[in-house]
Amino acid sequence: MGNDPTPPDLDALLPRAFYARPAHVVAPELLGRILVSGTGDATVALRITEVEAYEGETDPASHGWRGRTPRNATMFGPAGHLYVYWIYGMHHAANVVCGTEGVSHGVLVRAGEIVTGHAEATDRRPAARSPKELAQGPGRLADALGITRALDGTDVCDAHAPIRLAAGEPVRRGRVRHGPRTGVSRAHDTPWRYWIADDPTVSRYRRHTPRKRSPKPGDPE
DNA sequence: AGCCGGATCATCT
DNA sequence: GATGATCCGGCTG
């Protein structure tokens with residue numbers, strides 16, 4: 001929690017082959033890795049503490065489940081690219097594309113700890129009441145890193161890309177926890193959310209709550 | 001500290 | 001026209 005004696009190496013990026021495996025296999029191995037946005041003074045780096053896997057071919061909760069569309073096209077592309085989507089009319093969320101080309105696998109980066117660029121992140125997330133809230137949840141994380149739909153398709157294996165993914169320090173198996181995914185309405189039994197045990201930046205689990213529909217004439221009270 | 005409801009719009013049916 | 005891989009504020013306890 002205190003200041004790291006040795007700051008992480010933000011230039012040692014993970015190779016594309018790392019991502020070329022099923023999303024639920026890659027997901028736990030992404031914990032402890034570093035997502036880096038921007039350069040120079042505007043650099044913000046985040047140590048990943050919570051992720052969720054989605055696999056379109058077998059997974060009704062995945063955006064890829066009903067096939068390729070303009071929105072989710074990046075998920076069907078090559079591994080190691082960023083799939084960014086816009087949801088609830090107000091939030092962005094970032095996934096790392098996994099698996100093989102033509103298959104829609106992705107890992108949603110749900111939460112993390114800001115390790116570099118604290119001031120810049122706070123500037124983008126004025127609502128955060130403490131450092132741990134800066135990127136506690138996918139929408140907050142996207143805000144803190146300045147991730148928008150304009151960055152959809154970014155190659156995170158490219159050292160010159162606006163968003164990169166550095167190797168950081170992988171988390172020991174014994175420190176990884178897993179359970180059902182947050183906020184999904186389907187496939188509740190698939191325990192593909194992974195997080196670092198006891199990490200304060202991990203978001204609280206929230207079950208999906210169905211939206212109240214607008215009343216129609218003739219409906220019972 | 002935890003639960004609940006409203007906000008808000010791109011995407012797909 | 002309904003829905004959603006969410007967040008925030010307000011209320012309860």
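Residue side chain A/Y88 does not reach the base of B/dA7 through any donor-acceptor N/O pair under 3.5 Å, judged by distance alone.
Cation-pi geometry between A/R21 and A/Y19 is not met: the NZ or CZ atom fails to fall both under 6.0 Å from the ring centre and inside 45° of the normal.
Between A/E133 and A/R140 there is no salt bridge, since no side-chain N of the basic residue sits under 4.0 Å from a carboxylate O of the acidic one. A salt bridge links A/R181 with A/D59: the closest approach of a Lys/Arg side-chain nitrogen to an acidic carboxylate oxygen falls below 4.0 angstrom. Salt bridge present: A/D199 and A/R47 bring a charged side-chain N and a carboxylate O closer than 4.0 Å.
Atom pair A/H92:NE2 and C/dC7:P shows a separation of 13 Å (rounding to whole Å applied). When rounded to the nearest whole Å, the span between CZ of A/R66 and C1' of B/dT11 equals 12 Å. Nucleotide B/dC9 holds its P atom 16 Å from the CZ atom of A/R71, rounded to whole Å. Rounded to whole Å, the distance from CZ on A/R207 to P on C/dC7 is 19 Å. As a whole-Å value, the separation of A/E133 CD from C/dC8 C1' is 10 Å. The separation between A/I147 atom CD1 and C/dA5 atom P is 18 Å, rounded to whole Å. Atom CZ of A/R206 is separated from atom C1' of C/dC8 by 9 Å (rounded to the nearest Å). Distance, A/N72 CG to B/dA10 C1': 13 Å, rounded to whole Å.
Between A/R186 and the phosphate of C/dA5, there is no side-chain N or O to OP1/OP2 separation shorter than 4.0 Å. Of the side-chain N and O atoms in A/R204, one or more sit less than 4.0 angstrom from OP1 or OP2 of B/dC3. The shortest distance between the side-chain N/O atoms of A/R140 and the OP1/OP2 oxygens of C/dC8 is below 4.0 Å. For the pair A/H208 and C/dA5, the criterion of a side-chain N or O lying under 4.0 Å from OP1 or OP2 is not met. Within the structure, a side-chain polar atom (N or O) of A/S185 is placed less than 4.0 Å from OP1 or OP2 of C/dG4. Side-chain nitrogen and oxygen atoms of A/R125 include at least one within less than 4.0 Å of the OP1 or OP2 phosphate oxygen of C/dC8.
Checking B/dT8, C/dA5, B/dA10 against every side-chain atom of A/M90, the shortest atom distance belongs to B/dT8. Checking C/dA5, C/dC7, C/dC8 against every side-chain atom of A/H91, the shortest atom distance belongs to C/dC7. For A/S62, the side-chain atoms get nearest to C/dA5 when compared with the rest of B/dC4, C/dA5, C/dT6.
Each of A/E52 and A/A128 was assigned the nucleotide of DNA chain C with the nearest heavy atom; the assignment lying further toward the 5' end belongs to A/E52.
Checked against the 6.0 Å centroid criterion, the rings of A/Y54 and A/H105 do not qualify as a close aromatic pair.
Taking the six-membered ring for Trp and thresholds of 30 and 60 degrees, A/W86 and A/H92 have ring planes inclined between 30 and 60 degrees apart.
Within 4.0 Å (heavy atoms only), A/A61 reaches at least one base atom of the nucleic acid. Within the 4.0 angstrom heavy-atom criterion, no nucleotide atom of any strand lies near A/R181.
Stacking between A/Y54 and C/dA5 is present: the aromatic ring centre lies within less than 5.5 angstrom of the base six-membered ring centre, and the two planes differ by under 30 degrees.
Applying the Watson-Crick and G-U wobble criteria (two distances, each under 3.5 Å), C/dA5 pairs with nothing in any strand.
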